[in-house]
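I have placed the structure first, in the form of structure tokens, so that the comments after it can refer back to it.
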Amino acid sequence: MTTLKMEHPAASGADSVDLSALAADPAALRAALAEADPATLMLVLVQLTGDHGLLERARPHITGPMNYHETMPDDLRAEIRTRLADTLLDYARTGDPLPPLPEGDFLQEMLSTAVGEHVSADYTAMMREDLEAAQPDPRGLIWRHRPEPAALEHFPVVIIGAGMSGVCAAIRLGQAGIPFTIIEKNAAVGGSWYENFYPGCGVDTPNHFYSYSFELNHEWSHFFAKREELWTYFERATDKYGVREHIRFETEVSSATYDSASGTWDVATRDASGAVTHLKARAVISAVGVLNRPKLPDIEGRETFAGTAVHTAQWQEGLDLKGKRVVMVGTGASGQQVGPTIAPDVAKLTILQRSPHWVVPNPNYFAEVSEGMKWVLAHVPFFARWYRFQLFWAFADGLHASLQVDPAWDDGGKSINQVNARHRQFMERFLQSKLAGREDLIAKCTPSYPPYGKRILVDNNWYEMLQRPNVDLLTGGIAKIVPEGVVMADGTLVEADVIIYATGFQASKMLSPMTITGEGGRDLHKVWGPDDATAYIGTMVPGFPNFFMLMGPNTGLAHGGNVIFITECQMRLILTALREVLETGAKAIDVTPEAHDAYVADVDERHARMVWTHKGLTNWYRNEAGRVFALLPYRLVDYWKMTKTFKPEDFSLR
Ligand code: NAP
């Protein structure tokens with residue numbers, strides 16, 4: 001049996017690939033290749049053969065990261081599939097090691113061809129890291145001088161939260177041999193994916209990208225999985241990496257207080273019975289997320305409603321909407337998923353929209369992953385990683401240019417630059433085609449603001465839903481709520497049995513309601529004020545040594561992207577900081593005020609030139625003063641670099 005496993009970064013890296021499975025059933029290999037994307041297969045073939053000519057022949061037919069299907073001629077597709085099958089079978093037969101990734105320019109050319117656009121040289125190092133899937137994983141902690149076991153034993157870390165980011169932190173600490181305890185308020189892991197189970201709940205970033213880089217899943221049933229499958233993924237990772245036994249469920253952290261003399265944190269927790277426990281930690285990692293404290297709208301009479309009122313993130317198990325008159329407030333990402341899912345069942349669905357969102361279709365949104373594609377993802381070396389890069393580009397950095405304000409661009413505030421205008425045109429055409437003949441709905445659904453000003457929503461049959469006879473879209477504003485339903489600004493009463501609040505979260509109150517007290521009794525919420533959270537690289541605040549945040553201030557992504565990527569980057573920075581402490585025998589590490597302030601100034605300066613601060617636009621990414629506290633202004637590749645490049649001058653050891 002030929003099992004090719006990555007032993008060393010310089011070797012052929014292909015995760016863990018068993019080529020004997022291919023050799024055992026060549027017909028299955030050929031059949032599976034017929035179901036996989038030809039452009040991705042071509043990249044694998046070029047990597048295996050070094051055939052530069054093939055790259056050049058395929059290039060004209062790949063005009064974007066996800067839209068190569070239309071133009072690639074059949075004979076070229078067939079050639080790619082046949083040659084790839086033959087090549088893989090040869091490797092299986094000979095047992096030769098797979099070749100490494102090509103160097104510099106060739107790799108950059110492959111990256112550019114993969115997505116049908118110029119990919120700058122900035123990306124080669126980052127993508128090499130991902131494509132090589134090297135062991136040991138450079139994104140984990142690689143010791144320079146491994147501390148004595150006793151030193152590690154005396155370095156307990158408390159992680160707050162067992163959602164996607166807390167589990168990631170735990171896995172990385174576990175791999176580094178650093179002891180940890182996770183405190184989780186819920187009865188299960190998964191965070192948002194555990195708490196949210198409203199009808200239609202699922203992801204709108206494709207799963208083959210929205211997953212841990214070290215835990216690819218080749219079995220996703222859909223390209224965009226629903227909540228249950230996502231939650232199961234995080235459950236499985238928790239068990240696979242031995243994290244569960246370190247979690248204290250149904251326990252909340254109420255405070256964390258730093259003691260400068262001992263360099264320890266006192267973490268106060270309260271469990272379901274009300275019992276308070278104090279844990280001593282050398283470091284604390286907050287992984288509480290941003291979107292977990294539901295925001296109910298401040299509408300007069302809200303509590304007088306006589307029917308059932310439910311927030312999307314606090315759904316009632318077994319809530320039966322069949323035959324009910326339902327009012328839904330809010331049309332963001334959650335509303336987009338709830339509305340079309342429940343509309344066929346309810347007697348009447350009245351949607352109360354304050355502002356419309358831009359909606360984009362995705363041909364894979366409802367699609368199942370074929371068995372052939374799953375097989376290829378699991379068995380064809382490099383395929384899953386190349387596919388992941390294509391998704392990375394389509395859903396993240398490939399969109400970054402559309403977010404930048406061009407000062408010379410003026411079309412009356414509809415868009416902010418030429419690319420952004422092109423995206424607007426595409427989405428306008430889409431909604432106009434879907435709502436053809438319904439000028440009333442076209443007018444209500446067309447945002448006045450530029451694309452990406454609010455999160456773009458992936459179409460969940462929203463416009464079809466709006467044209468159902470039992471669905472109404474009201475935009476006139478809410479006056480008050482009464483026992484019978486909702487009274488609109490024009491005095492109309494919309495009677496309701498159920499009100500669904502798809503109204504989002506209290507995002508600006510980061511880390512609430514915990515009290516975090518750093519050096520000299522400094523209270524983090526006083527440092528930040530009511531809604532102005534800041535942090536060095538979104539991770540550290542001066543005066544709070546050995547206190548780290550995952551998904552902290554200015555780390556959110558509203559244009560696409562993947563928060564798992566951000567979390568993994570942050571963990572790398574945190575692990576490097578902890579390495580400094582552990583290898584030097586210091587008590588703790590802190591970021592300097594100068595480094596923090598310079599970082600925040602740069603973030604603010606960039607945001608001033610980006611879409612989210614566009615005049616007249618409302619979104620939850622800004623605080624009362626208008627400062628963007630929630631979002632990352634950088635490309636993901638920039639963030640990767642920042643979190644990878646540890647700058648000793650930005651820190652001080654205690
Ligand atoms: P959201 O994006 O904040 O949307 C809230 C909606 O409620 C908006 O339409 C907002 O209108 C409306 N609203 C708020 N207060 C209102 C009021 N007083 N009266 C009338 N309307 C009101 O919340 P969300 O949809 O829960 O999404 C939050 C975030 O969660 C998303 O940005 C995304 O990051 C994440 N999410 C992701 C997924 C996914 O991956 N599929 C699914 C759900 C959520 P305005 O726009 O006018 O403020």
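All ligand and atom numbering here is 1-based and tracks the order in the structure. Heavy-atom basis, side chains included; hydrogens, waters and symmetry copies ignored. The structure displayed is predicted, hence computed values, not measured ones.
- In terms of protein heavy-atom proximity, atom 36 (N) of ligand 1 is closest to Ala333 CB, 3.7 Å.
- The protein non-hydrogen atom at the shortest distance from atom 4 (O) of ligand 1 is Gly332 CA, 3.7 Å.
- With respect to Asp204 and Arg455, a salt bridge is recorded, a charged nitrogen being found less than 4.0 Å from a carboxylate O.
- Ion pairing between a basic and an acidic side chain is recognised when a charged N comes within 4.0 Å of a carboxylate O; Lys185 and Glu250 show no such pairing.
- Contact atoms of ligand 1 toward Ser355: 45 (P), 46 (O), 47 (O) (distance under 4.0 Å to a heavy atom of the residue).
- Taking atom 24 (P) of ligand 1 as the reference point, the nearest protein heavy-atom neighbour is Ser334 OG, 3.4 Å.
- Which parts of ligand 1 touch Phe505 is read off a 4.0 Å heavy-atom cut-off, strictly below it: atoms 26 (O).
- In Thr503, the parts holding a heavy atom less than 4.0 Å from any atom of ligand 1 are both the side chain and the backbone.
- The atoms of ligand 1 that sit less than 4.0 Å from any heavy atom of Gly330 are 6 (C), 7 (O), 9 (O), 12 (C).
- The 12-atom threshold is not exceeded at CD of Glu624, counting heavy atoms of other residues, nucleotides or ligands nearer than 6.0 Å.
- Neither the backbone nor the side chain of Gln336 has a heavy atom within less than 4.0 Å of ligand 1.
- Ligand 1 lies nowhere less than 4.0 angstrom from a heavy atom belonging to Leu352.
- Minimum heavy-atom separation, Phe305 to Pro483: CD1-O, 3.4 Å.
- Per-residue contacts place His357 under 4.0 angstrom from the following atoms of ligand 1 (heavy atoms of the residue considered): 8 (C), 9 (O), 46 (O).
- A salt bridge is defined here as a Lys NZ or Arg NE, NH1 or NH2 lying under 4.0 Å from an Asp or Glu carboxylate O, and Asp638 with Arg635 meets this definition.
- At a heavy-atom cutoff of 4.0 Å, ligand 1 is contacted by the side chain of Tyr198 but not by its backbone.
- Looking only at protein heavy atoms, the nearest one to atom 34 (O) of ligand 1 is Arg455 NH1, 3.5 Å.
- Near Gly202, the atoms of ligand 1 lying under 4.0 angstrom from a non-hydrogen atom of the residue are 39 (C), 40 (O), 41 (N).
- In the model, Asp602 has a side-chain atom that pairs as donor or acceptor with a side-chain atom of Tyr634 under 3.5 Å.
- Of the listed residues (Asn186, Thr312, Asn292), just one forms a side chain to side chain donor-acceptor pair (under 3.5 Å) with Glu195, and that residue is Asn186.
- Under the side chain to side chain donor-acceptor pair (under 3.5 Å) criterion, the residue pairs touching residues 346-366 are Gln337-Tyr365, Lys348-Asp472, Ser355-Lys454, with sequence neighbours excluded.
- Atoms of ligand 1 lying under 4.0 Å from at least one heavy atom of Gln337, given by number and element, are 41 (N), 42 (C).
- When heavy-atom distances to ligand 1 are checked against a 4.0 Å cut-off, Ala502 comes that close only through its backbone atoms N, CA, C and O.
- Residue-ligand proximity, Leu291 to ligand 1, at heavy-atom distances under 4.0 Å covers atoms 29 (C), 30 (O), 34 (O), 35 (C).
- Here Trp528 pairs with Met510, Leu511, Leu524, His525, Ala533, Thr534, Val541, Met549, Pro553 under the side chain to side chain contact (heavy atoms under 4.5 Å, CB included) rule; sequence neighbours left out.
- Residues Thr308 and Gln316 bring no donor and acceptor atom of their side chains to less than 3.5 Å of each other.
- Atom 46 (O) of ligand 1 has as its closest protein heavy atom Lys454 NZ, 2.8 Å.
- The Gly504 neighbourhood of ligand 1 comprises atoms 3 (O), 5 (C), 23 (O), 26 (O), with distances under 4.0 Å to a heavy atom of that residue.
- A salt bridge is defined here as a Lys NZ or Arg NE, NH1 or NH2 lying under 4.0 Å from an Asp or Glu carboxylate O, and Arg622 with Asp532 fails to meet this definition.
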